[in-house]
Amino acid sequence: MTQAINATTVRAWINDGDEIALLDVREAGQFGEGHAFFAVNLPYSRLELTVTERVPRRETRILLIDDGDGIAERAAERLRSLGYTRIAILEGGAAAWTSGGGSLFKGINVPSKTFGELVEAVCGTPHISAASLHRMQGNGDPLLLLDGRTLAEHHKMAVPGALPVPNGELALRAAPLAPDAGVPVVVHCAGRTRSIIGAQTLRHLGWLNPVLALENGTQGWRLAGLELEYGSTRTLAQAPRNVGAARDAARRYARRAGVEELDVPSAQHWLDDRSRTTYVVDVRTAEEYAAHTLPGAVHAPGGQLIQATDLTLVVRGARVLVLDAQSVRAPVAAAWLRQMGWQAATVREGIAAPLKVPGHAAFTPARAPELNVAGLQHAIRKGARLIDVRDSLAYRAGHAAGAAWSIRPRLPGVVTGADEVVLIGEADIAALAAIEVRQAGVQRISHATWNTVLAAGLVLVATPAEPDDQTAIDYLFFVHDRHDGNLDAARRYLEWETGLIGQCTPDELAHFSPLPHVDAGQ
C-alpha cells in the first residue's frame with residue numbers, strides 16, 4: 001500500500017521548499033469542479049502518456065489526489081511500474097483537502113488566473129470598459145488595440161479592429177505598431193488574465209503610451225451589448241530587424257524580477273543536477289519551434305506559459321530555463337515566472353546554446369490487437385462486448401448501437417461478466433484501458449478505431465443525454481459555453497475569476513510576489 005497522509009501534512013510539504021508534484025488523477029470534469037490550489041490535473045485515463053514528460057525525474061516527491069475512491073492507489077501502482085519511487089496519497093481524496101484549511105477551486109489554470117488578479121491589485125493596472133473603448137472607436141480617436149490571445153482564438157472571434165499580438169510576442173513585435181507615445185494602447189483577451197498581464201507587460205517594459213487592459217475582454221464586450229468580429233484574417237506582425245531597444249527593455253525587466261542570465265556551463269550544470277528538476281521551455285511561436293529548437297526543449301509560447309503555467313510546469317520548486325532567439329521574449333516570460341514563484345533563468349545564447357538536455361523516455365503502452373472491418377464484424381457476431389472509450393461528447397454525438405461508454409477509472413465495473421471486449425477509440429487510450437480490463441479478468445481484448453466502426457457499416461445512434469453530465473467525468477461543464485453567446489455563463493465566469501484571491505489562504509498567495517509598477521523614467 002502507498003503511504004496516505006492528511007491535508008495538513010500535504011500543506012506543510014507544499015511550503016517546505018522542496019520539490020513536489022501534486023497530481024490530481026481524477027478526470028477533467030471532476031478536477032474542474034473542485035481541486036486544491038496547486039494541484040495539476042493528470043487524469044488516470046491517460047496518466048502514463050503524459051507523466052514522464054511532465055514529471056521527468058523519477059525521484060520527485062509525488063502526492064496523488066483522487067475522490068477517495070481508490071483511483072490514486074491504482075495510479076500509484078502504474079507510477080511505480082514506470083520507476084517513480086516517492087509516492088504518497090492524500091487521505092480521503094480531494095474532499096479532505098478542506099480539513100487542512102484549504103479551499104477547493106473550480107475551473108482550470110487557477111494559479112495563473114489568481115496571479116493575474118493579484119498583479120492588477122498590486123500594480124494598479126489601468127483598465128477601460130467596453131463602452132468607453134467602443135465610444136473611442138466610434139469617435140475615431142487614435143488608438144492601438146491588441147489581442148493578446150493566440151492566433152486561433154483571434155481568428156475565431158475578437159474585439160473589432162484588434163491586431164493579433166499574443167502576449168508572449170508583445171515585447172518583440174508591438175512597438176512598431178504604436179504610432180507615437182501619446183496613443184493609448186489597449187490589450188484584450190477573452191476574460192481578464194491575459195488582458196491584465198499583457199497590459200502590465202508593456203508597462204513594466206517602460207512604454208510611455210497610456211496602456212490599459214480591456215475590462216473583462218471579449219466577454220465584457222458581449223455583456224455590454226456589443227458585437228464581436230468573427231473570422232478575422234489578420235495575422236501576426238513581422239518582428240523588427242533591429243531589436244536592440246526591445247532587448248534592453250526586456251533584460252531590465254528581467255533583472256528587476258531577479259532573473260539570472262546563465263552562461264552555457266551554468267545552464268548545463270542545472271541540467272546535469274539529478275537532484276533537481278529542470279524544465280527547458282522554448283517560448284517562441286509554433287512556426288519557429290517547428291523549424292528548429294533545442295533538442296529536448298518543450299514548446300510553450302510565452303503568453304500561454306504564463307496564462308496556463310500548470311500545463312507545462314508541474315513540479316513545484318523546479319528550475320526553468322526559458323529560451324528564445326533574440327533575448328527579448330525569454331527574459332519577459334522568465335520575469336513573470338519568477339514573480340509566480342518559479343526559479344526561472346534565461347541562457348545567454350538562447351535557443352542556439354549547445355546544451356545537452358537529458359532525455360525522458362516516453363511510455364509506449366502495449367496495444368491490444370487492432371481489428372479490421374472483417375475482424376470487428378466477426379467479434380460482434382461472436383457476442384463481444386463493445387466499450388467506447390472516446391470522449392463522452394463524441395459518444396453522445398454518435399456511437400455504434402449496443403456499445404457502452406466508459407472511461408478507464410470505471411472500466412472494472414463495466415466489463416464484469418464479459419468474455420471478450422472490443423475497445424473503440426484512440427489506440428493509446430485503448431491500450432491503457434486494456435490494462436484495467438485485463439486486471440478485471442477479461443483476457444480476450446481487442447481494439448477498433450472509430451474509422452473502422454464507420455467502415456464496418458454498423459448502426460450508429462446518437463444519445464445527446466447519455467452519458468449524463470454526472471457520468472461524463474472527462475468533460476468540464478463549468479461555464480463551458482461562455483464564448484458561445486451564453487451571457488449568464490460569461491457573468492458566472494467573470495465572477496469566478498474576480499473571486500479567486502478571496503478563496504486563497506495566505507500561504508498560497510505567499511508563493512507569488514508581483515512587482516509593483518514603476519512609472520517610466522523613474
Side-chain angles (χ1 to χ4, degrees), residues 26-33 43-47 49 67 69 71 156 365 367-486 489:
R26 297 175 299 160
E27 301 305 308
Q30 299 169 302
F31 175 84
E33 287 299 327
Y44 182 59
S45 60
R46 54 179 61 241
L47 177 65
L49 302 179
D67 261 343
D69 52 4
I71 300 301
K156 181 180 179 182
R367 294 181 176 180
E370 182 174 335
L371 301 178
N372 58 20
V373 168
L376 175 59
Q377 293 169 335
H378 179 68
I380 292 172
R381 286 195 298 271
K382 290 196 304 177
R385 189 173 300 181
L386 303 183
I387 308 293
D388 196 321
V389 293
R390 296 176 302 141
D391 294 345
S392 57
L393 296 196
Y395 178 91
R396 284 182 178 183
H399 56 270
W405 179 81
S406 189
I407 197 166
R408 186 184 185 187
R410 295 183 172 175
L411 273 168
V414 176
V415 300
T416 301
D419 293 322
E420 181 177 356
V421 167
V422 178
L423 299 165
I424 298 170
E426 179 188 332
D428 283 346
I429 299 301
L432 297 183
I435 296 172
E436 311 300 314
V437 176
R438 196 168 292 110
Q439 290 182 343
V442 180
Q443 298 305 313
R444 295 164 62 197
I445 307 166
S446 54
H447 157 247
T449 67
W450 179 241
N451 285 338
T452 300
V453 171
L454 295 177
L458 305 183
V459 175
L460 303 181
V461 294
T463 53
E466 182 186 344
D468 61 27
D469 291 0
Q470 283 293 111
T471 305
I473 57 175
D474 63 323
Y475 187 76
L476 175 57
F477 291 92
F478 171 63
V479 294
H480 66 285
D481 53 355
R482 61 193 172 96
H483 296 313
D484 297 323
N486 186 328

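Using cut-offs of 30° and 60° on the angle between ring planes, the pair Tyr475 and Phe477 is perpendicular.
Within the 3.5 Å criterion, the main-chain N or O of Ala403 finds a donor-acceptor partner in the side chain of Tyr395. Using a distance-only test at 3.5 Å, with no hydrogens or angles considered, no donor-acceptor pair links the side chain of Arg26 to the main chain of Asp67. Without hydrogens or angle criteria, Arg408 side chain to Glu436 main chain gives no donor-acceptor distance under 3.5 Å.
A distance of 11.5 Å separates CH2 in Trp405 from CZ in Arg390, rounded to the nearest 0.5 Å. Interatomic distance, CG of Asp391 versus CD of Glu426, reported as 9.0 Å (0.5 Å rounding). Here Leu423 contributes atom CG and Leu386 contributes atom CG; the two are 9.5 Å apart, rounded to the nearest 0.5 Å. Taken to the nearest 0.5 Å, the OG atom of Ser446 stands 3.5 Å off from the CG atom of Leu371. Note that NE2 of His399 is 11.5 Å distant from CD1 of Ile387, once rounded to the nearest 0.5 Å. In this structure, CG in Leu376 is found 9.0 Å from OG1 in Thr449, a value given to the nearest 0.5 Å.
Nearest heavy-atom pair across Pro467 and Ser392 is CG-CB, 3.8 Å. Residues Thr471 and Arg410 come closest through the heavy atom pair O-NH1, 3.2 Å. Shown here for Leu458 and Ala400, the closest heavy-atom pair between the two residues is CD1-CB, 4.1 Å. Scanning all heavy atoms of the two residues, the minimum distance from Pro412 to Pro409 falls at CD-O, 3.8 Å. Val442 and Ala418 get closest at one heavy-atom pair: CG2-O, 3.5 Å. When every heavy atom of Ala456 is checked against every heavy atom of Val373, the shortest pair comes out as CA-CG1, 3.7 Å.
Counting only heavy atoms from C-beta outward, the side chains of Pro365 and Leu49 approach each other to under 4.5 Å. In this structure, the side chains of Glu420 and Ile445 stay at 4.5 Å or more apart for every pair of heavy atoms. Looking at heavy atoms from C-beta onward, Val422 lies out of side-chain contact with Arg385 at the 4.5 angstrom threshold. Side-chain contact between Leu460 and Val453 is present, with heavy atoms from C-beta onward closer than 4.5 Å.
Between the side chains of Glu27 and Ser45, a donor-acceptor pair is found at a separation under 3.5 Å.
Residues Arg396 and Asp474 are not paired through a salt bridge, judged by the lack of any N-O separation under 4.0 Å between the basic side chain and the carboxylate.
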For this session: Could you give me the CA-CA distance, side-chain angles and deciding distance for Leu476 and Glu33, then say whether side-chain contact (heavy atoms from CB on, under 4.5 Å) is met?
Result: CA-CA 7 Å; Leu476 175 57; Glu33 287 299 327; 4.1 Å; yes
For this session: Please step through salt bridge (charged side-chain N to carboxylate O under 4.0 Å, His left out) for the pair Arg367 and Asp428, ending with a clear verdict.
Result: CA-CA 7 Å; Arg367 294 181 176 180; Asp428 283 346; 2.9 Å; yes
